[in-house]
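A note on names: the letters A, B, ... follow the listed sequences, proteins ahead of strands, and every chain is numbered from 1.
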Number of protein chains: 2
Amino acid sequence: MAATIKDIAKMAGVSPATVSRVLSNQREFYSEKTAKKVRDAAKQLGYQRNTSAVELVTRKSRVIAVLVSSTQTNFSNPILNGIQQQAEAHNLSVMIIFAGENKPEMQEKALQTVIERSVMGILLVAVDLDPTNNALLESANIPFIFISMTMKNANFPFISSNDFDIGYQATKYLIKKGHTKIGFAGTDLNSFVGNLRFEGYRDAMRDNQLARKAEWVCGGHFTYEDGLKAMRQYGQKTELTAVIASSDLVGIGILNQANQYGIRVPGNLAILTVDGTQLCDIVRPKLSSVTQSFFEMGVKGMDMLVSESIKEFYSMYTPINIVERESV
Amino acid sequence: MAATIKDIAKMAGVSPATVSRVLSNQREFYSEKTAKKVRDAAKQLGYQRNTSAVELVTRKSRVIAVLVSSTQTNFSNPILNGIQQQAEAHNLSVMIIFAGENKPEMQEKALQTVIERSVMGILLVAVDLDPTNNALLESANIPFIFISMTMKNANFPFISSNDFDIGYQATKYLIKKGHTKIGFAGTDLNSFVGNLRFEGYRDAMRDNQLARKAEWVCGGHFTYEDGLKAMRQYGQKTELTAVIASSDLVGIGILNQANQYGIRVPGNLAILTVDGTQLCDIVRPKLSSVTQSFFEMGVKGMDMLVSESIKEFYSMYTPINIVERESV
DNA sequence: AACAATATCACAAACGTTTGTGTAAATGGG
DNA sequence: CCCATTTACACAAACGTTTGTGATATTGTT
């Protein structure tokens, strides 16, 4: 049905080889006169190149696969926007695949599909890859980078915030504001990033000679409900004067539950959230945050993937900065 | 580098044809004995099929392209989740491409890339296709469906809420609650959906013998800032007792600006938003909404695309329902 | 035991490109 | 005007599959 390169060749009276070279602008192979004939014929036939054929023969594709964990934290959007922007700049296509909620089998299936397509690179956004899939990812010989997720297995390249630093800076900031009893809510200490942040929190407390209590830290997975739950665990008469929320949504959960308890924010309780998305600006009081550079993660991730230098497993941190709003 | 079907054939001592048929389970073509040899060899070689080659020869692909307008309204996530769920059910891959902020050239480029890939179907999520691209979309002979966007050009199949009904039901609901002076904020009346919703609003007012004023309706594009702006336009001493917000974010903008004016919600001003995402639940007061079935749109869209019956341009509405929370 | 029917497999063409190489025509220098 | 160089193009192989058809071996029927 669709027109092929041969149809164009016939119409223009040249060989398919010439058509191919004209259409991909290999200047030293054709004269302008035949080039025009070819281009006219192509337009007239409504030619669209067949990407499968191209990728088959060239043995590489111009698509970047993005695996994103479907645990819907809202920060994946700015990351994807960054990725998309750079993809356009490099004239690449982006294939986004939801890798499920970090279930090993779903991850494996997602990996299979992208490897079959022999994509030119893989970006893993916020996916906590199960160790059983490590081998599969490596065996494909496709460059990959983790975004917004650092791995215990330090051999994998990543672009992310420094999670230890997030915990440390957040705590230090609150201490500087005069707080001594500081909660830590909404993240699973068994997860790698959760643990890193906690260590930052712990060290900052220690470095300032502040005691901690086990009940000040609450688990969770970055959700709004985790925030509500954390505040309920702290209770109406909590001794805490400040709390670090693992995400904006957690922060909002804490805020709402605190208000319900009659605890005023920031009067009775300061809240500092991690992420700093638009959500911080649309609630009242606006939430102060440790803001991550999500858009930049996407940009840098894509850039690193197309650069040749990823051969040596190179990782980097994107900056974090504390944005003061109204909640501390 | 990577193992091919021929390598397997050699190792198993059979022909490539047999390997192909074993691997794709064409039962009537091989014995279990050779099948086992083939499968063992495949596993041992770490075989991954080459999708390009498959698609080239079969002349069809198992990927659905999703074009999504990057005007980041937050409702695209549930739609994408619905799409993704059904894609898995049908064993399809999903390729997501951001089509820019409804700029004609970006739309064209996005369309080109998916057509080149000869995807098996195209889902256009919230993209307001420029008429200049209509021909391109149609010429590709690839089934497509618009999601959450109805077109003036009625010949294109879509899945969406009934926007007239959204306007009508929202207005009717507020009238039933005793309101007579009702604002309409955050949508561009020149857009097709904006206009439809406005007509619903207008007709509901008329059907209830209520007068309207031009200054009660404010334009915009569903953003938080549009909400702030609308409320500022209404002013601190507005006569309005209720307002319909074109999105949750617009509703929150109105809410925050109203609070700043000392206008109490819902005491002095009722707010009814359109969309009904999680945002409605995390602000205080919680926002009542005309809730759309976004997830279902994704599910139905994918289902329609794979069903054969889309040949005749079939469109459908997904249900809307009013969820009462605390803002009216 | 002979023949038909079936099961199992191999051959080879085809999908639409890209690209190395061969070759005829055009150009240039002297 | 002759030979060397360059320009402009065509030929054909290759990429990794799928699939129609033909060939051989196996089974079944009488």
What's the spacing between B:M120 CE and B:K60 NZ if we round to 0.5 Å? 8.5 Å
Whole-Å distance between [N] [atom2] and [X] [atom1]?
X: A:L56; N: D:dT18; atom1: CG; atom2: P; result: 12 Å
X: B:L23; N: D:dT19; atom1: CG; atom2: P; result: 13 Å
X: A:K37; N: D:dA8; atom1: NZ; atom2: P; result: 13 Å
X: A:I5; N: C:dT19; atom1: CD1; atom2: P; result: 11 Å
X: B:R59; N: C:dG16; atom1: CZ; atom2: C1'; result: 10 Å
X: B:K60; N: D:dT19; atom1: NZ; atom2: P; result: 8 Å
X: B:E28; N: C:dT8; atom1: CD; atom2: P; result: 10 Å
X: B:I8; N: D:dT17; atom1: CD1; atom2: P; result: 8 Å

Do you know which two heavy atoms are closest between [X] and [Y], and how far apart they sit?
X: B:A9; Y: B:S15; result: CB-C, 3.7 Å
X: B:S61; Y: B:S118; result: OG-O, 3.2 Å
X: B:Y314; Y: B:M304; result: O-CE, 3.2 Å
X: B:T113; Y: A:S93; result: CG2-OG, 3.8 Å

Would you mind telling me which of B:L123, B:L124, B:V125, B:I122 makes a side-chain contact (heavy atoms from CB on, under 4.5 Å) with B:I145? B:L123
Between B:T318 and B:E296, is any side-chain donor less than 3.5 angstrom from a side-chain acceptor? no
Verify the distance criterion only: is there a donor paired with an acceptor across the side chains of B:D303 and B:Q86 at less than 3.5 Å? yes
Would you mind building the protein contact string for nucleotides 9-14 of chain C? One character per nucleotide, 5' to 3', B for base within reach (heavy atoms under 4.0 Å), S for sugar-phosphate only, - for untouched. BBBB-B
Using a 4.0 Å heavy-atom cut-off, does B:T58 contact any base of the nucleic acid, only the sugar-phosphate backbone, or nothing at all? sugar-phosphate
Would you tell me if any nitrogen or oxygen in the side chain of B:R49 comes within less than 4.0 Å of OP1 or OP2 on D:dT18? yes
Partners meeting salt bridge (charged side-chain N to carboxylate O under 4.0 Å, His left out) with B:R62 (sequence neighbours left out): none
Using five base pairs at each end, measure the axis-to-axis angle across the helix from C:dA1-D:dT30 to C:dG30-D:dC1 and round it to 10 degrees. 30°
Comparing nearest nucleotides in DNA chain C, the 5'-proximal residue of the pair B:R27, A:A53 is B:R27
